[in-house]
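Here the structure comes first, spelled out in structure tokens, and everything after it is commentary.
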Amino acid sequence: MQSSNANISLAVDLEHPVYFDHPLDHVPGMLMLGAVLDRVPAGNAGQDRCTANFAFYRFAELDAELLLRLRRESTPDHWAAEITQEESTVCSARVSHGASPSIPAGGTAGRVRGEAAPMSLMRRTREGNVALEMPRFTGAQVVCPLLDPAADHHFALECPRTRGVVELVEAARQFGVLLWQLEYGRPADVRLLLDAVDLDLPTSLSRETPMELRWDRAPRKGIAASFAMEVWACDTRVGSVGLESRAVSESAYRRLRGARV
């Protein structure tokens, strides 16, 4: 991208194999997060780390245009993004790229793949979209290894040799969905709303490196919860993903959505 600013109309693919794993009445936050990260320039050579924060303000509807506005900020390789729909802001973000410290290159030799988490815990209807193994509850911490997607999966086709940032955030989002149920005892039929994402992740993690997410157990606040997750490669902490989400009942969700559901 040559210009410091850009206005981009976002097409919503209702058949997307990951973002529309199952029918939705709105555009998912992960689709918008991916649209922003895919369009922000990666910076100069050697800048293999992405730092970003996203805020989601309201539902993005399926039947109206989404417009992404990108603006280069005064600091090099820092960008501001805003997604609007019918002149209202749906999502805003700030994204930057920089150099990452060295990342371990340990392979998968000797590691026994664990059991994949059930699709119901991930709210997935396609088995291939499950990103995590079953978690381990170790006292004050919950640890969840990542699965590597099949060779024909959307994420593997996009990045055959490395794990992309969006793929890692999707794994963290699924971890949050799992924790709402296993840690906080919320039933499987509640609606989970994503309010914010903060990420600090390398962009060149080899798929040969075993990875896991770790979360220090913390109480929720009513219907809201914050998940500050660490990303580990082998025995090295390599990044973080923070999520803000809410769990609302089906009746509360219908009130929020009005005639849309």
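We count residues from 1, following the sequence as given.
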All salt bridge (Lys or Arg N to Asp or Glu O under 4.0 Å) counterparts of Arg71, not counting sequence neighbours: Glu73
If the threshold is 4.0 Å, N to carboxylate O, is there a salt bridge linking Asp21 and Arg123? no
Could you go through the side chain to side chain donor-acceptor pair (under 3.5 Å) check for Asn129 and Tyr19 one step at a time? CA-CA 10 Å; Asn129 284 335; Tyr19 301 133; over 6 Å; no
Looking only at non-hydrogen atoms, find the nearest pair between Leu243 and Ala172 and report the distance. CD1-O, 3.4 Å
When rounded to the nearest 0.5 angstrom, what is the spacing between CG in Leu67 and CG in Asn7? 5.0 Å
Listed by chain and number, what are the side chain to side chain contact (heavy atoms under 4.5 Å, CB included) partners of Cys144, not counting sequence neighbours? Leu132, Pro135, Phe175
Taking only residues at least two apart or on different chains, which pairs with a member in residues 174-183 satisfy side chain to side chain donor-acceptor pair (under 3.5 Å)? Glu170-Gln174, Trp180-Ser245, Glu183-Arg217
Closest approach of Gly34 and Val166, non-hydrogen atoms and distance? CA-CG2, 3.9 Å
Does Asp38 reach the side chain of Val36, with side-chain heavy atoms less than 4.5 Å apart? no
For residues Phe54 and Asp195, determine if any side-chain heavy atom of one lies less than 4.5 Å from a side-chain heavy atom of the other. no
Does any non-hydrogen side-chain atom of His16 lie less than 4.5 Å from one of Pro28? no
Without hydrogens or angle criteria, can the side chains of Glu230 and Ser240 be said to hold a donor-acceptor pair below 3.5 Å? no
Taking C-beta and beyond as the side chain, do Thr125 and Met119 meet within less than 4.5 Å on heavy atoms? no
Ser251: which residues meet the side chain to side chain contact (heavy atoms under 4.5 Å, CB included) condition with it, sequence neighbours left out? Ser249, Arg255
Rounded to the nearest 0.5 Å, what separates atom CG in Leu193 from atom CZ in Arg246? 5.0 Å
Hey, could you give me the CG/CG distance between Leu168 and Leu205, rounded to the nearest 0.5 Å? 6.0 Å
Min side-chain heavy-atom separation Met211-Arg163 under 4.5 Å: yes
Ignoring hydrogens, what is the shortest heavy-atom contact between Val143 and Pro145? Give both atom names and the distance. O-CD, 4.0 Å
Distance check, rounded to the nearest 0.5 Å: Arg191 atom CZ versus Ile223 atom CD1? 14.5 Å
Looking at every non-hydrogen atom in both residues, tell me the closest pair between Ala52 and Leu37 and how far apart they are. CB-CD2, 4.4 Å
Is the His97-His78 ring centre distance short of 6.0 angstrom? no
dist Leu68:CG -> Ile83:CD1 (nearest 0.5 Å) comes out at 5.5 Å
Is atom CZ of Arg237 surrounded by more than 12 heavy atoms (other residues, nucleotides or ligands) closer than 6.0 Å? yes
Which pair of non-hydrogen atoms, one from Asn5 and one from Arg72, has the smallest distance, and what is that distance? OD1-N, 4.0 Å
Contacts of type side-chain hydrogen bond (donor to acceptor under 3.5 Å, both in side chains), residue Arg69, not counting sequence neighbours: Thr84
Donor-acceptor contacts, no H, no angles, side chain residues 55-65, under 3.5 Å, sequence neighbours left out:
{"from": "Tyr57", "atom 1": "OH", "to": "Ser92", "atom 2": "OG", "distance (Å)": "2.6"}
{"from": "Arg58", "atom 1": "NH2", "to": "Gln85", "atom 2": "O", "distance (Å)": "2.8"}
{"from": "Glu61", "atom 1": "OE1", "to": "Arg257", "atom 2": "NH2", "distance (Å)": "2.8"}
{"from": "Glu61", "atom 1": "OE2", "to": "Arg257", "atom 2": "NH1", "distance (Å)": "2.9"}
{"from": "Asp63", "atom 1": "OD1", "to": "Arg260", "atom 2": "NH1", "distance (Å)": "3.3"}
{"from": "Asp63", "atom 1": "OD2", "to": "Arg260", "atom 2": "NH1", "distance (Å)": "3.1"}
{"from": "Glu65", "atom 1": "OE2", "to": "Ser9", "atom 2": "OG", "distance (Å)": "2.7"}

So how far is it from Asp200 CG to Thr51 OG1, rounded to the nearest 0.5 Å? 4.0 Å
